[in-house]
Amino acid sequence: MDRIRITGGQALNGVIRISGAKNAALPLMIASLLTAETLTLENVPSLADVRMLLRILGHLGVDHSIDGRRHGAAPDASRPIHLTAGDIVDIMAPYELVSKMRASFWVVAPLLARMGEAKVSLPGGCAIGTRPVDLLLMALEKLGADVAIESGYVHATAPKGLRGGEIHFPKVTVGGTHTALMAASLAHGHTLIENAAREPEIEDLADCLTKMGAKIKGAGQSRIEIEGVGSLHGARHRVLPDRIEAGTYAIAAAMAGGDVMLEGAEAGLLQAALDAIEQAGADVGVTNEGIRVRRNGAGLMPVDIATAPFPGFPTDLQAQFMALMTKAKGQSRITETIFENRFMHVQELARLGAHIRLDGDVALVDGVDELQGAPVMATDLRASVSLVIAALAAKGETMVNRVYHLDRGFEHLETKLGGCGAIIERLSNPG
Ligand code: EPZ
C-alpha cells in the first residue's frame, strides 16, 4: 500500500489547477444508464472512485471509451469519457461492487426508471456513520415503485413504469435528490420534490439531464419540478469544478502560508468556506482565473463553524478546517450536523500534537504553537487530507498511511502540492 511522506514547514506558492468534481462526476456517470445513446462527459477527474464506478456500470452493460489526450493539452488534463448503455444486460448490482463505493447504490434509480426493475445491494455502513438509504427508497415509492428488502438487497419494481408524485424530504439528502431527479425524469407525469438538496452537484446533474431531454425546473432550489418524458437521448456535458478540492487547497494555503492561485475554482460554489478561511486570517481574492489565497507571517485566528447543507459550510471540508484550527491562536468550536461519526481525524490530529476535545457533535480545538510530524492514517478521504494539511505545517516528517483513501477523491495530490513547494513524496510499497 502506498504512503505519502511530507516534511512540513514550507510555504505554498504557485498555481493549482482544480479538477472536475468527484461528487458531480459520479451521479453524472450513473445518469448514462437512463439512455441507450452515448453520454459524453468532459472534465471527469481521474480517481479511484471513477474507475470503480466504470467497473460497476460495465457490469450493468455500459460500454465506455476514453478519448486520447488532445494535442497541446496539459499532461494532467482529463480526457472525455463516452458512456453508452445501449443494452442493459443486468438489473442487479451485487454486494461485492456496491459495498466498495456507496454512491453506486444510486444506480437503483435509472435501472428502475428504464427497465422497470432493479436489484441493488444495500451499501451498508461506512466510516463516517450509518448512512441509511430510507429516504432514497421513500422517493422511489412516491414515484410508484414497489420496494422490498430481500437478503441485503433492495428489490424495486415498477412493471408499468414509474409515475410522477410528490416527494417531501424530511431531511436534506444529496443522494435522495439525485435519485428522485433521475427516476422522475423518466416517470409518467409531473413530480414535485420539496426540501431538495441545493448542492451545486444537484444542479450539475439537472443541467446534464436537461441536455439529455429531461424537463426540470428549479434545480439548485429546495423545490424542484419535473415533467417526465418517454425517453432521454445522448448529450455532452462538462463536469463542474470540485468545490471540495478547491476548499481543501485554499485551507492548505492558509495553513502553510504563501500565495496560491486555485485555477478554475468558482468562489460561488464555496462561499461559506472562503468566508471562514478569510476570518481565520488568509486573504482570499477572486479573479477570472480562479481563487487566490494568501497568508504571510500573520497568525491564524480561531473561527467557529457548523456544517450544514449547501450553501452552508460543507461537511466535506470540516476535517480540513479543523486541521487549520489546530494552529489558531485560541479556541474554536467545530460542530458536525450532517454525519454522526465524522470525527475520526481527531485522534490522528492529536498524534501530530493537536489539542481537541470531543463533546457529542462538537469538537473544541485549542490551537497550539507547533505541530510535530508523526506516522498517521485515516479511515476516510476527507479525514486523510486533513492530516496532509496538518503535516504541511508540522515540524519534521509525517507519514500518511492508507493513501488509497486520498486516491479516491484527490487527483494528483502530491504533484499539485509539490508544484507549489511542498516537500511531499509518494512511497510505493510492494504488495
Ligand atoms: C453526499 O453523500 C456526498 N457523496 C458526500 O461526500 C457528502 O458528505 C454528503 O453528500 C453531504 O454533503 C457523494 O456525492 C458521492 P446525504 P450522500 O444523503 O448523498 C442522512 C465525500 O467525502 N440520510 O446528503 O450519501 C445521512 O445519513 C462524501 O466526498 C438519511 O437519513 O449524503 C446524512 O446524515 C462523503 N437517509 C444526511 O442524511 C437517507 O436515505 C445527508 O446525507 C439518506 C441520507
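Computed from a predicted model, the values in this text were never measured in an experiment. Order of appearance sets the numbers: ligands from 1, and atoms from 1 within every ligand.
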>> Tell me the contacting part of Glu201 for ligand 1: side chain, backbone, both, or neither, using a 4.0 Å heavy-atom threshold, strictly below.
In response: neither

> Would you say the side chains of Thr40 and His82 form a donor-acceptor pair under 3.5 Å?
Replying inline: yes

>> Suppose I only count heavy atoms of Ala103 and a 4.0 Å limit; which atoms of ligand 1 are within that range?
In response: 15 (C)

> What part of Met138 sits under 4.0 Å from ligand 1 if we count only heavy atoms: the side chain, the backbone, both or neither?
Replying inline: neither

> Is it true that Asp380 and Arg342 have a side-chain N and a carboxylate O under 4.0 angstrom from each other?
Replying inline: yes

>> Please report whether ligand 1 has a polar contact with Ile338, defined as an N or O pair separated by less than 3.5 Å (distance criterion only).
In response: yes

>> Below a 4.0 angstrom heavy-atom separation, can you tell me which part of Arg342, side chain or backbone, both or neither, approaches ligand 1?
In response: side chain

>> Can you confirm whether Leu12 sits close enough to Leu392 that some side-chain heavy atom of one is under 4.5 Å from a side-chain heavy atom of the other?
In response: yes

> How does Pro132 reach ligand 1, by side chain, by backbone, by both or by neither, if only non-hydrogen atoms under 4.0 Å count?
Replying inline: both

> Any N or O on Asp380 sitting closer than 3.5 Å to an N or O of ligand 1?
Replying inline: no

>> Just to be sure I read this right, does ligand 1 sit under 4.0 Å from the backbone of Val174, its side chain, both, or neither, counting only heavy atoms?
In response: both

>> Salt bridge or not between Asp316 and Lys22? Use side-chain N to carboxylate O under 4.0 Å.
In response: no

> Does Thr173, backbone or side chain, put an N or O under 3.5 Å from an N or O of ligand 1?
Replying inline: yes

> Has ligand 1 got any nitrogen or oxygen that is less than 3.5 angstrom from a nitrogen or oxygen of Leu26?
Replying inline: no

> So which pairs with a foot in residues 166-183 pass side-chain hydrogen bond (donor to acceptor under 3.5 Å, both in side chains), sequence neighbours left out?
Replying inline: none

> Between the side chains of Arg51 and Ser46, is a donor N or O closer than 3.5 angstrom to an acceptor N or O?
Replying inline: yes

> So is Val172 in contact with ligand 1, going by heavy-atom distances below 4.0 Å?
Replying inline: yes

> Should the proximity of Asp134 to ligand 1, defined as any heavy atom under 4.0 Å, be assigned to the side chain, the backbone, both, or neither?
Replying inline: both

> Does Glu263 pair with Arg17 as a salt bridge, N-O distance under 4.0 Å?
Replying inline: no

> When you check the gap from the basic side-chain N to the acidic O, do Arg408 and Asp49 get nearer than 4.0 Å?
Replying inline: yes

>> Polar contacts were defined as any N/O atom of the residue lying under 3.5 Å from an N/O atom of the ligand; does this apply to Leu381 and ligand 1?
In response: no

> Taking only residues two or more places apart in sequence or in another chain, which ones pass salt bridge (charged side-chain N to carboxylate O under 4.0 Å, His left out) with Glu203?
Replying inline: none

> Can you list the atoms of ligand 1 that are under 4.0 Å from a heavy atom of Trp106?
Replying inline: 13 (C), 14 (O), 15 (C), 19 (O)

> Looking only at heavy atoms, is any part of Phe169 under 4.0 Å from ligand 1, and if so is it the side chain, the backbone, or both, or is it neither?
Replying inline: neither

